[in-house]
Amino acid sequence: MKSTLIGMCALLAVAATAGNLVWQLGSEDGKSGEFLAFSNAEFQDNPKIRENPGFNRKTGVFSYQIEQNKQMPYPAIPAGVAGENTGNNTIVRQQDLTWNDPAGGWREFELRIIPAGHRAFPKADSSLAGSGVHLDRDDSDVPKAYLKISLPGGRLGSVYLPYDLESYLAKREPMVLKLCFEAKKGENTISIREGSGFTYGRCYHFDYLKLSELDQPYFNPPVVEALPEKGFLHQTIYESRSSACLGIKVANLDPARKSELKVSF
């Protein structure tokens, strides 16, 4: 079942302090060259991804087992995630990172997102609407794209990703997402998914991904998902001539605080 995020988390500083490093993929250098080359452009397949046993071409999920809890400057994972595009057989919609945590406890996952250096379309504007391509203009009120991070224990994280990430970041601080969760002793998995759908042609890269021990927990910002339960043609498009049913899912609520959700159409 597809879902669309209608509540996004902010990139914010937290009072808790990250401690010892558990693992890190890539280097904090503002580049993605240490990862497997990855593009969602037409006919830009990467055999190292296509032939990797961890890649499921049908679902677009790339699964990776982190064998050693340490810093790995050249991890064998794709450089990012992307939306669908035609003529490319190595579209990675989601990455699942699995590791063995020796003790368990509170952890902080940190991820920096950088531009991929290309877009499937030269610009995002309404002139493409007639061609069946659903592109949102940055900061407009049409459907947004986002990165969704699913964490152990049911916690979620999300961040809005504009189509023109280069221009967006030119006026802002680096896009670094930090999320808290409790790891269990043994096997844990973090899933990172690009959620814009099949018609946006988006692609984003990672600078680095890392996991650290945390001295105290904190609550991640609430995440609200709209779930197309019935009568939807696409995850963001419903059939206006018949009834449709929309479900709402909320994550990361603080049980000690009262919360209220209002949905308008």
Stepwise side-chain contact (heavy atoms from CB on, under 4.5 Å) check, R93 with V61 | CA-CA 6 Å; R93 296 288 310 282; V61 176; over 6 Å; no
Pairing residues for T189 by the side chain to side chain donor-acceptor pair (under 3.5 Å) criterion, not counting sequence neighbours = T98
Would a 4.5 Å heavy-atom cut-off, applied to side chains only, mark E108 and Y218 as touching?
-> yes
Taking N252 for the side chain and P221 for the main chain, is one N or O donor matched with an acceptor at less than 3.5 Å?
-> yes
side-chain contact (heavy atoms from CB on, under 4.5 Å) against L253, all qualifying residues, sequence neighbours excluded | P222, V250, S259
When hydrophobic residues are tied together by side-chain contacts of less than 4.5 Å, even through go-betweens, does L169 share a cluster with L111?
-> yes
Can you tell me how far CG of L211 sits from CG of L25, rounded to the nearest 0.5 angstrom?
-> 9.5 Å
CD1-OG distance between I149 and S158, expressed to the nearest 0.5 angstrom = 7.0 Å
E28: partners by side-chain contact (heavy atoms from CB on, under 4.5 Å), with sequence neighbours left out = Q24, Y208, K210
Reported OG1-to-CD distance for the pair T59 and Q94, which is rounded to 0.5 angstrom = 7.5 Å
For W99, check side chain to side chain donor-acceptor pair (under 3.5 Å) against everything at least two apart and list the hits.
-> D101
For H205 and F38, indicate whether the former's side chain and the latter's backbone hold a donor-acceptor pair under 3.5 Å.
-> yes
List in chain and number order the residues that pass side-chain contact (heavy atoms from CB on, under 4.5 Å) with E67, two or more places apart in sequence or in another chain; answer none if no residue qualifies.
-> Q65
Partners passing salt bridge (Lys or Arg N to Asp or Glu O under 4.0 Å) against R112 (at least two apart in sequence or in another chain) = D207
For the pair I190 and F109, evaluate side-chain contact (heavy atoms from CB on, under 4.5 Å) and give the outcome as yes or no after the intermediate values.
-> CA-CA 9 Å; I190 294 176; F109 177 62; 3.7 Å; yes
Which atom of I114 lies closest to which atom of F206, heavy atoms considered | CD1-O, 3.9 Å
At their closest point, which heavy atom of R107 faces which heavy atom of L214, and how far apart are they?
-> O-CD2, 4.0 Å
Shortest non-hydrogen contact between C203 and A116, atoms and distance = O-CB, 3.4 Å
Side chains of L209 and L97: closer than 4.5 Å at any heavy-atom pair?
-> yes
Please tell me if the side chains of L161 and I113 come closer than 4.5 Å, counting only heavy atoms from C-beta onward.
-> yes
Side-chain donor-acceptor pairs under 3.5 Å in residues 68-83, sequence neighbours left out?
residue: Q68; atom: OE1; partner: K70; partner atom: NZ; Å: 3.3
residue: N69; atom: ND2; partner: N100; partner atom: O; Å: 3.0

Taking all heavy atoms of A37 and all of I49, pick out the closest pair and write down the distance.
-> O-CD1, 3.6 Å
Approximate separation, where rounding is to 0.5 Å, of D96 CG and S63 OG = 4.5 Å
List for me each residue that meets ring pair (Phe, Tyr, Trp, His ring centres under 6.0 Å) alongside W106, sequence neighbours excluded, and say none if there are none.
-> none
L151 and C180 have their tightest heavy-atom pair at CD1-O, 4.1 Å
Is it possible for you to check whether R57 lies under 6.0 Å from the centre of the six-membered ring of F55, through NZ or CZ, and within 45° of that ring's axis?
-> no
Euclidean distance, N46 CG relative to N89 CG, rounded to 0.5 Å | 12.0 Å
Would you name the heavy atoms of L165 and M175 that are closest together and state the gap between them?
-> CD1-CE, 4.0 Å
Does R155 count as lying over the ring of F219, i.e. NZ or CZ under 6.0 Å from the six-ring centre, within 45 degrees of the axis?
-> yes
Flag, side chain of E34 to backbone of S27, donor-acceptor distance under 3.5 Å = yes
Which salt bridge (Lys or Arg N to Asp or Glu O under 4.0 Å) pairs, counting each pair once, include a residue from residues 43-52, with sequence neighbours left out?
-> D45-R50
Reported CG-to-CD1 distance for the pair L177 and I192, which is rounded to 0.5 angstrom = 9.5 Å
